[in-house]
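One structure is given here, and the rest of the page talks about it.
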Amino acid sequence: MLLKKEIFKKDAVELARFLLGREIQYNNCRGIIVETEAYKSDPASHAYKITPRSRIMLDSYGKWYIYFVYGMFFCLNITTNEGEPGAVLIRAVQPIDGIEAMEKRRKTTELLNLCSGPGKLCTAFGITKGLNGTDLNEKIFLRHCNKLGKFEIGKSSRIGISSGKELEWRFFVKNSPFVSKVK
DNA sequence: TACTGGATTCACT
DNA sequence: GTGAATCCAGTAA
């Protein structure tokens, strides 16, 4: 069952937890989300200072926000809103379908290394900036899924914190070998 | 118009 | 553990 756009009219941190274990699909590739990171209006976030690029977070919820970093990688976020602009970064995915295509794009056959990072999963799925601003379930789909069964949620401090506070806004599926290797 | 640095990854030591 | 690869949004002038 597809996730409804209305669900994203909520707090980014709550949604980051909620998205774990859901299925993501683009073209013929599918995977289960195993790691997410919440971004709200704090100094480390694009939502802190709204610019033409990040305006989508202010104006919408349930839209894909995709941007380019370090000259070579894309990051996939979904916008959230409960009065305050925010987004959830999809950091890692467990591949289930379209693995051959992912291997080709990622130039590796190591299953654990296909989607275990924000840049990696965009490369594996073939997601680029062209999809920025598209609606949920327009091209990239999110579904309810129970393939993981019951799982424990781990949390840790967000990477790239600049507010000084240790915000525990990074969530992952405990014991999953598919999460990113970043500390 | 010109500079700066990043929500990363990979190859190398 | 360190540094290179590489583009473009944001900022300052």
Is_stacked (A:Tyr67, C:dA9) at 5.5 Å, 30 deg: no
Side-chain donor-acceptor contact under 3.5 Å, A:His46 with A:Tyr65: yes
C:dT6 to B:dA2 separation - P atoms, rounded to the nearest Å: 22 Å
Any donor-acceptor N/O pair under 3.5 Å between C:dA5 base and A:Tyr70 side chain: no
Proximal nucleotide (of C:dA5, C:dA9, B:dT9) relative to the A:Arg106 side chain: B:dT9
A:Ser156-A:Arg170 side chain donor-acceptor pair, cut-off 3.5 Å: yes
Phosphate OP1/OP2 of B:dC10: any A:Lys107 side-chain N/O under 4.0 Å: no
C1'-based separation of C:dG1 from B:dA7 [nearest Å]: 22 Å
Sugar-phosphate, base or nothing in reach of A:Gly119, heavy atoms under 4.0 Å: sugar-phosphate
Residue A:Met57, side-chain heavy atoms: nucleotide from B:dA7, C:dC7, C:dA5 that is nearest: B:dA7
Residue from A:Asn81, A:Thr134, A:Asn77, A:Thr79 passing side-chain contact (heavy atoms from CB on, under 4.5 Å) with A:Lys63: A:Thr79
Nucleotide nearest A:Lys129 (side chain, heavy atoms from C-beta), chosen from B:dT8, C:dA9, B:dC10: C:dA9
Out of C:dC8, B:dC10, C:dT6, whichever nucleotide has its closest atom nearest the side chain of A:Asn113: B:dC10
Options B:dA7, B:dC10, C:dA9, nucleotide nearest the side-chain atoms of A:Lys120: B:dC10
A:Leu89 side chain, from C-beta outward: closest of C:dA5, C:dA9, B:dA7: B:dA7
Pairing nucleotide - C:dT6, Watson-Crick or G-U, each distance under 3.5 Å: none
